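Working notes for the structure below.
As the structure lists them, so they are numbered: ligands from 1, and atoms in each ligand from 1. Being a predicted model, the structure only gives us computed values, none of them experimental.
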Amino acid sequence: MIIVILKDIAFLSMISVSLAIIMVIAQKWLSNYGECKIDINGKREITVIGGNSLLSSLSDKQIFLPSACGGRGTCGACKCKVISGGGPLLPTEKPVLTAEEIAAGDIRLSCQVKVKIDIKIEIPSSIFNIRRYHAVITEIIDYTYDTKGITFKLDEGEKIDFLAGQYVQIDTLPYASVKQKVSRAYSISSKPEINDALQLIIRYVPEGICTTWVHQFLKVGDHVSLTGPYGDFFLRDTEADIIYVAGGSGKAPIKSMLEHLQVVGTNRKMTYFFGARTPKDLYLTDEMKALEKVFPDFKYEPVLSASVASDNWTGKTGFLMPYFAEAIRDPKNTEAYLCGSPGMISAVTKSLIEHGIPKDKIYYDSFG
Ligand SMILES: Cc1cc2nc3c(=O)[nH]c(=O)nc-3n(C[C@H](O)[C@H](O)[C@H](O)COP(=O)(O)OP(=O)(O)OC[C@H]3O[C@@H](n4cnc5c(N)ncnc54)[C@H](O)[C@@H]3O)c2cc1C
Ligand code: FES
């Protein structure tokens, strides 16, 4: 009896092992797409090994589409036009595409589309200016208990040209038990006039892969790699009045814009609202206040949403929105630059539109 049972077990084990081997071979065979061609803008053709995402296939060839969420299909930054060869729209793409984009059918998330056959795409020519840079960390400043300013000195001879407000993506290195490397977006906080080094302001996100690495493992002297510059959140060269609104590490791109304006000079009327919870969330306050004496018409207004009596805070409190009216003199001739959490961006945008600022003059980077 026992022998019969053992024979049955051995027979079943053999079948499972054989099935597993057949599945591995089938998988390899099915996902072996060989070489595929990517036609870019009808002007350039690259050859890649099929099977990877369009985003990573392009980045392997040093063509860097923005990918603020690191390819998780949540930010929409990696959208591009796929003329042919992209296959059907995937369920993972729909949540971040607009109804118009879904109807058009050719706007796709390059982090989700796999290159399996020859594919034709269109991307803006500005993408070709985005490069990979290597840098060494030269300074780490603790701005607050959860926010650091980090300076990246580019390798000898490397120079990055960017516009005040744009961002880079830094690539993490494996640390502790985290073996996976990720790429995350950070706005440049230094001015574009310094092009052989960059400063970023990085706020710790509990359990965050990149910010844990930055806050607990990254140190002066470490070598890192980054790509950029990305984004259309940059200071427009006009004479319009400006309202800046930032929260937390959203101060980074505004700092770059103001430092740039200090170099080139400006007479623009500018008001900067910085939202924070308590005094311990404020940083660079003296530096921002000092700019009131540099520019002819500039006001820095920190606003605390959760200050208590013992803080002895005498400045503005509560929501930011009630203070906008006094800062706007000619809404049609006012630009707004917003940076911070998605919730803040949407509430502030709604209020600025109600105050008469044209929607197309409200520029923002949402850190969500
Ligand atoms: C264009 C752009 C510019 C940015 N610039 C800056 C900058 O200058 N400084 C800066 O500090 N950050 C900036 N960010 C945010 C940054 O890219 C990362 O998303 C953030 O640092 C978290 O990365 P992580 O790997 O540590 O967290 P992840 O491992 O990606 O996330 C861990 C968890 O935290 C949640 N989470 C992610 N981000 C946040 C957040 N900000 N607040 C609360 N919960 C969050 C996630 O949903 C997830 O559950 C920017 C984002 C964008 C899109
Ligand atoms: S990289 Fe964020 S959606 Fe594709």
Among [options], which residue places a heavy atom closest to [atom]?
atom: atom 10 (C) of ligand 1; options: S249, P253, G70; answer: S249
atom: atom 19 (O) of ligand 1; options: Y230, Y167, F367, F233; answer: F367
atom: atom 22 (C) of ligand 1; options: V182, V178, V205, I188; answer: V205
atom: atom 11 (O) of ligand 1; options: R72, R203, R184; answer: R203
atom: atom 20 (C) of ligand 1; options: W213, Y364, Y186, Y204; answer: Y186

Counting each atom of ligand 2 from 1 as listed, which ones have a heavy atom of [X] under 4.0 Å away?
X: G73; answer: 3 (S)
X: S67; answer: 1 (S)
X: G71; answer: 1 (S)
X: G76; answer: 2 (Fe), 3 (S)

Would you say I357 and F324 make side-chain contact, with heavy atoms under 4.5 Å?
no
Going by the order shown, which atoms of ligand 1 are within less than 4.0 Å of some heavy atom of [X]?
X: A68; value: 53 (C)
X: S366; value: 52 (C), 53 (C)
X: G208; value: 24 (P), 26 (O), 27 (O), 28 (P), 29 (O), 32 (C)
X: I202; value: 11 (O)

Sub-4.0 Å protein heavy atom next to atom 49 (O) of ligand 1:
no
Separation of L352 CG from T334 OG1 (nearest 0.5 Å):
9.5 Å
When you compare the side chains of [X] and [Y], does any donor N or O come within less than 3.5 Å of an acceptor on the partner?
X: S225; Y: R132; value: yes
X: Y337; Y: D365; value: no
X: E35; Y: T47; value: no

Please determine if atom 2 (Fe) of ligand 2 has an N/O/S atom from C78 lying under 2.8 Å away.
no
C75 N/O/S atom closer than 2.8 Å to atom 2 (Fe) of ligand 2
yes
Between T74 and ligand 2, which residue portion shows a heavy-atom distance shorter than 4.0 Å: side chain, backbone, both, or neither?
backbone
So that I know where these two stand, are F64 and Y230 an aromatic pair - ring centroids less than 6.0 Å apart?
no
Please work out which of the three classes, parallel, tilted or perpendicular, describes the rings of F273 and Y323, given edges at 30° and 60°.
parallel
Mind telling me whether Y204 and H215 have parallel, tilted or perpendicular rings, with 30° and 60° as the class edges?
tilted
Heavy-atom gap L200 to ligand 1 smaller than 4.0 Å:
no
Worked check of side-chain hydrogen bond (donor to acceptor under 3.5 Å, both in side chains) between S189 and Q199:
CA-CA 5 Å; S189 57; Q199 195 214 32; 2.5 Å; yes
Any nitrogen or oxygen of E207 lying under 3.5 Å from a nitrogen or oxygen in ligand 1? Just yes or no.
no
Heavy atoms of other groups near K114 NZ, more than 12 under 6.0 Å
no
